[in-house]
**Student:** 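Submitted below is the structure of interest, expressed as structure tokens.
All residue numbers refer to positions in the sequence shown, counting from 1.
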Amino acid sequence: QVQLVESGGGLVQPGGSLRLSCAASGSIFSFNAMGWYRQAPGKEREFVASVTSGGITIYTDSVQGRFTISRVNGKNAVNLQMNSLKPEDTAVYYCKMALAHREHWGQGTQVTVSS
């Protein structure tokens, strides 16, 4: 079985920074892509950022220039560096791994941006 574990969430002031981490364990030969999604209360889950096994990254427009997704060399893991955080970034952030024929999700980590 594959397990994803997120860490790094917490409370931060507007304009501050946080770094989220996601580590995968289990029987994994390789992955197609890993990424981050987020969901605020009463809203649908939305895409944030992703990186393919080849290193190609994409971002949703609202976080471009502020967030950076990166792979951990030699590991089935990714980080999400979040800078210049805004109150509208407040949400539960979920890590996702896409394999050839299935997807796996982490349990999520809370990010709260408030003064």
**Student:** How long is the gap from CG on Leu99 to CD1 on Ile28, to the nearest 0.5 Å?
**Tutor:**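 So the gap between those two atoms works out to 6.5 Å.
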**Student:** Is any side-chain heavy atom of Met82 closer than 4.5 Å to one of Val111?
**Tutor:**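 The answer is yes; the side chains approach within 4.5 Å.
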**Student:** Just checking Phe47 against Tyr37, ring centres under 6.0 Å apart?
**Tutor:**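 Ring centroids of Phe47 and Tyr37 are less than 6.0 Å from each other.
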**Student:** State, yes or no, whether a side-chain contact exists between Cys95 and Trp36 at a heavy-atom distance under 4.5 Å.
**Tutor:**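 A side-chain contact exists here, since the closest heavy-atom pair is under 4.5 Å.
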**Student:** Looking at Gln81, I want to see if its CD is surrounded by more than 12 non-hydrogen atoms of other residues, nucleotides or ligands under 6.0 Å.
**Tutor:**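 Yes.
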**Student:** Extract all donor-acceptor atom pairs below 3.5 Å that involve side chains of residues 9-25 and protein atoms in other chains or at least two apart in sequence.
**Tutor:**
from  : atom 1 : to    : atom 2 : distance (Å)
Ser17 : OG     : Asn83 : OD1    : 2.9
Ser21 : OG     : Asn79 : OD1    : 3.0

**Student:** Once rounded to the nearest 0.5 Å, what's the spacing between atom CD of Glu6 and atom CH2 of Trp105?
**Tutor:**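 So the gap between those two atoms works out to 9.5 Å.
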**Student:** What about Val5 and Met97, same hydrophobic cluster or not, with Ile/Leu/Val/Met/Phe/Trp/Tyr joined at side-chain heavy-atom distances under 4.5 Å?
**Tutor:**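 No; Met97 is not reachable from Val5 via cluster members.
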**Student:** Does the side chain of Val2 reach to within under 4.5 Å of the side chain of Arg102, using non-hydrogen atoms?
**Tutor:**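 The answer is no, as the side chains (C-beta and beyond) never meet within the 4.5 Å cut-off.
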**Student:** Using modelled atom types and a 3.5 Å cut-off, is there a donor and acceptor pairing between side-chain atoms of Tyr59 and backbone atoms of Ile69?
**Tutor:**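 Yes, the answer is positive, given that a donor and an acceptor are paired below the 3.5 Å cut-off.
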**Student:** State the CG-CG distance between Asn76 and Leu4, to the nearest 0.5 angstrom.
**Tutor:**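 Answer for the CG-CG pair, Asn76 versus Leu4, is 9.5 Å.
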**Student:** Just wondering, do Val51 and Val78 contact through their side chains at under 4.5 Å, heavy atoms?
**Tutor:**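 Counting from C-beta outward, Val78 and Val51 do come under 4.5 Å.
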**Student:** If we only count heavy atoms from C-beta on, is the Phe67 to Thr60 side-chain gap below 4.5 Å?
**Tutor:**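 Answer no - side chains too far apart.
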**Student:** Do the side chains of Met34 and Arg71 get nearer than 4.5 Å, heavy atoms only?
**Tutor:**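 Counting from C-beta outward, Arg71 and Met34 never come under 4.5 Å.
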**Student:** Within the 4.5 Å heavy-atom criterion, are Thr68 and Leu80 side-chain neighbours or not?
**Tutor:**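 A side-chain contact is absent here, since even the closest heavy-atom pair is not under 4.5 Å.
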**Student:** I want to check a possible cation-pi pair here: Arg38 against Tyr94, using under 6.0 Å from ring centre and within 45° of the ring axis as the test.
**Tutor:**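 The answer is no, since Arg38 fails at least one limit relative to Tyr94.
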